[in-house]
Amino acid sequence: MTSEQFRRIWFRFGELVTEHRDELNRLDAAIGDADHGTNLARGLAKVAADLGADGSPTHLAASCRQVGMALLSTVGGASGALWGSALLRAAGALPEAETCDTATAVAAARQAVDAIQSRGHAELGDKTMVDVWRPALALLEASVAEGMSGRKAAVAVAERAVTLADETAPLVARRGRASYLGARSAGHVDPGSVSTALFWRAVADIVATS
Amino acid sequence: MTGVLLASHSKRLAEGLKELVDELCHGAVPVVAVGGGNPLGVSVEMVMEGVRALLAQPGVDAGVALGDLGGALVALETAVEIGHLEGQLLIADAPLVEGAVAAVMAAAIGEGPEAVAAAAAEAGQLPKR
């Protein structure tokens, strides 16, 4: 992965979240406070502005930290802190360099997922974005271990992530605002899982075309 | 002494609670209220600012934080990690209103952060009637 690709992934993620903002808000309205799309789109606009600013860092680790800090400062509630923690932790696995190999990028993704899970105290099946992150990471790691290119693996993970997000619908929420609904949360897709699937689509879009 | 940080998605809720506990402890315990307004929500940045303000008050050597909903707790935990505040800010697993009352009462009699956080957590077990 190059730092140029890394930046473009975040520009693309911002575009996708903005396109799907109303849909994310609608999903959040059913079991949350109806602002997931608006919140995340606002944070990603700040990310894009920071990454595109004159004099912003070009190295992978520094860019990743910059994204994390932007999300921490602009996205309120759990989403900002979870995404911010993920990026700050991932930055520690990335080099102060313009490029890294696929294994390093995958290791950074693992750090991000571990941070999300430990920060949110969520387990698989709790109807949170962990239900997409954890199996998506497992597929990414297995694909790369089998010798698949990073490019092909990203496309496979993006496709799987959409299915994983849909599969949160029947689950009963045990974390986050939706957990107050108990069994009544079943039947609704988790909005954080849908935005996570959009992130993986952004990764695939950029990695597959560059 | 131990100060208390109140973090709510709504700044007005946090400030209203501060008004209540300030009255209950006659202003003897430094209390800082942080929260969102437009938009609602607790960001890591506002927690960091609140902690700085709390620890800057005379005589305050540690703080105990209480949050309203899960997102506030996630922001508090993240602030402790990235601000390297371990040992300076303890997060209480407590109901916001009763926990804040218990926390300032414990702090007012000179308890340290562990005991203040424990008092807040125990408040969740007390029946209301």
Side-chain angles (χ1 to χ4, degrees), chain A residues 25 28 31-43 45-46 65-66 68-92 111 114-122 126-130 173-181 191-192, chain B residues 5-15 32-53 63 65-86 89-99 117 121 124:
Chain A
N25 284 343
D28 196 25
I31 53 174
D33 48 4
D35 66 357
H36 184 61
T38 303
N39 254 337
L40 201 52
R42 186 179 54 242
K46 171 81 161 86
R65 255 194 308 276
Q66 191 183 28
M69 291 310 294
L71 292 171
L72 283 182
S73 65
T74 49
V75 184
S79 295
L82 291 169
W83 276 94
S85 298
L87 272 290
L88 293 180
R89 195 82 64 85
Q111 289 296 317
D114 287 349
I116 287 170
Q117 194 162 3
S118 61
R119 175 69 69 231
H121 306 282
D126 283 354
K127 197 182 183 94
T128 73
M129 61 173 159
V130 167
R174 285 194 293 257
R175 285 279 155 197
R177 202 73 43 84
S179 61
Y180 291 107
L181 289 169
Chain B
L5 181 73
L6 305 173
S8 167
H9 282 62
S10 158
K11 182 145 199 213
R12 290 167 62 200
L13 176 56
E15 285 176 339
V32 169
V34 299
N38 183 28
L40 294 168
V42 181
S43 76
V44 174
E45 208 167 46
M46 66 179 66
V47 171
M48 305 277 271
E49 271 176 35
V51 175
R52 272 193 292 271
L66 292 95
D68 58 356
L69 299 174
L73 274 294
V74 174
L76 286 168
E77 286 180 13
T78 307
V80 168
E81 182 185 321
I82 69 166
H84 306 291
L85 296 167
E86 296 87 355
L89 186 72
L90 272 186
I91 301 164
D93 187 0
L96 186 60
V97 176
E98 286 86 346

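Keep in mind that what you see is a predicted model, and the values were worked out from it rather than measured. Letters A, B, ... are given to chains in the order of the sequence lines, protein chains preceding strands, and every chain is numbered from 1.
Under the 3.5 Å distance criterion, the side-chain polar atoms of A:Asn25 are matched with a main-chain donor or acceptor of A:Thr38.
Most heavy-atom pairs under 4.5 Å with chain A, from the set B:Glu77, B:Met46, B:Glu45: that is B:Glu77. Top candidate by heavy-atom pairs under 4.5 Å with chain A, chosen from B:Gly36, B:Pro39, B:Ala79, is B:Pro39. The choice from B:Leu69, B:Leu40, B:Val74 that makes the most heavy-atom pairs within less than 4.5 Å of chain A is B:Val74.
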Please test A:Asp28 against A:Arg177 for side-chain contact (heavy atoms from CB on, under 4.5 Å), starting from the C-alpha separation and ending with a verdict.
-> CA-CA 10 Å; A:Asp28 196 25; A:Arg177 202 73 43 84; over 6 Å; no
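Proximity to chain B (any heavy atom under 4.5 Å) is restricted, for A:Leu88, to the side chain, taken from C-beta onward. Residue B:Leu73 does not touch chain A at all, counting heavy-atom pairs closer than 4.5 Å.
Under the side-chain contact (heavy atoms from CB on, under 4.5 Å) rule, B:Val80 has a single partner from B:Val44, B:Val47, B:Leu89, which is B:Leu89.
The CZ atom of A:Arg89 lies 14.0 Å from the CZ atom of A:Arg65; values are rounded to the nearest 0.5 Å.
Between the side chains of A:Thr128 and A:Arg175, no donor N or O sits under 3.5 Å from an acceptor N or O.
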